[in-house]
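Remember, predicted model here, so these are calculated numbers, not experimental data.
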Amino acid sequence: MSNEPQPKYMKPSQAAAHCSVSAKMINHWICKGVRIEGRLIKLRGVAFGDRFRVTMEDLEFFRDECTRAKLGELEWPPPETDSEVERRFRRENEELQRRLAEW
């Protein structure tokens with residue numbers, strides 16, 4: 001198993017409290033998204049049975065994408081979040097260590 005910390009999943013009510021919106025709005029953003037300047041943006045979430053969960057990273061990514069769309073700053077590919085950079089660094093470091101061990 002990896003030593004990488006697992007993301008903390010939040011219920012829609014917990015995510016809603018963080019964003020100052022309703023849990024119903026969080027579920028709406030996951031299922032239907034929001035259209036900004038003609039662009040459809042959805043909140044990433046995972047389903048556990050018939051319930052959704054989101055991570056703080058999901059909320060930050062959604063916030064950033066909505067902000068970019070609102071400001072007209074459409075970047076592709078979207079910039080990596082800090083946690084994505086850390087994960088990529090760990091994967092590349094593990095690959096390097098594996099190759100060095102084989103060498």
Side-chain angles (χ1 to χ4, degrees):
M1 250 170 95
S2 173
N3 290 336
E4 185 174 322
Q6 296 299 313
K8 182 178 185 300
Y9 291 101
M10 295 182 282
K11 296 176 183 178
S13 59
Q14 294 168 316
H18 182 75
C19 297
S20 300
V21 298
S22 69
K24 186 176 179 180
M25 182 58 72
I26 296 293
N27 283 316
H28 178 85
W29 288 342
I30 293 169
C31 296
K32 298 191 178 189
V34 60
R35 191 166 295 281
I36 299 175
E37 301 296 327
R39 185 171 167 213
L40 180 64
I41 303 167
K42 287 188 172 185
L43 173 60
R44 291 184 298 201
V46 293
F48 289 100
D50 62 343
R51 307 233 190 273
F52 288 107
R53 298 291 184 263
V54 297
T55 64
M56 185 58 70
E57 181 180 299
D58 295 332
L59 288 173
E60 290 170 355
F61 185 82
F62 180 74
R63 176 203 60 206
D64 293 346
E65 287 299 296
C66 289
T67 302
R68 273 189 208 89
K70 197 84 155 163
L71 296 175
E73 298 173 10
L74 301 178
E75 299 178 28
W76 192 255
E80 295 177 304
T81 63
D82 289 346
S83 56
E84 288 171 326
V85 170
E86 288 176 34
R87 276 199 302 275
R88 183 172 49 79
F89 175 79
R90 280 194 197 108
R91 280 194 311 269
E92 291 172 355
N93 190 36
E94 288 170 1
E95 177 67 15
L96 177 61
Q97 295 299 321
R98 185 185 61 77
R99 288 183 182 191
L100 286 172
E102 292 174 356
W103 187 59

Asker: If you define the side chain from C-beta out and look only at heavy atoms, does anything of E57 sit under 4.5 Å from R87?
Answerer: yes
Asker: Around atom CZ of F89, are there more than 12 heavy atoms from other residues, nucleotides or ligands closer than 6.0 Å?
Answerer: no
Asker: To check you understand the geometry: which heavy-atom pair defines the closest contact between A23 and A16, and what is its length?
Answerer: N-CB, 3.5 Å
Asker: Could you list who else is in I30's hydrophobic cluster, with ILVMFWY side chains joined at under 4.5 Å, directly or through other members?
Answerer: M10, V21, M25, I26, W29, V34, I36, I41, L43, F52, V54, M56, L59, F62
Asker: Mark yes or no for whether E94, through its side chain, and R91, through its backbone, hold a donor-acceptor pair below 3.5 Å.
Answerer: no
Asker: If I compare all heavy atoms of R39 with all of A69, which pair ends up nearest, and what's the gap?
Answerer: NH1-CB, 3.9 Å
Asker: Do R53 and P12 come within less than 4.5 Å of each other through their side chains, counting heavy atoms only?
Answerer: yes
Asker: Looking at side-chain heavy atoms only, is the closest gap between R51 and K11 below 4.5 Å?
Answerer: no
Asker: Does the pair R98/E95 count as a salt bridge with the N-to-O cut at 4.0 Å?
Answerer: yes
Asker: Applying side-chain hydrogen bond (donor to acceptor under 3.5 Å, both in side chains) to D58 and T55, what does each step give before you reach the verdict?
Answerer: CA-CA 5 Å; D58 295 332; T55 64; 3.1 Å; yes
Asker: To the nearest 0.5 Å, tell me how far L71 CG sits from E37 CD.
Answerer: 9.5 Å
Asker: Rounded to the nearest 0.5 Å, what separation is found between the CZ atom of R44 and the CD atom of E65?
Answerer: 8.5 Å
Asker: In Å and rounded to the nearest 0.5 Å, what is the NZ to NE2 distance from K42 to H28?
Answerer: 10.0 Å
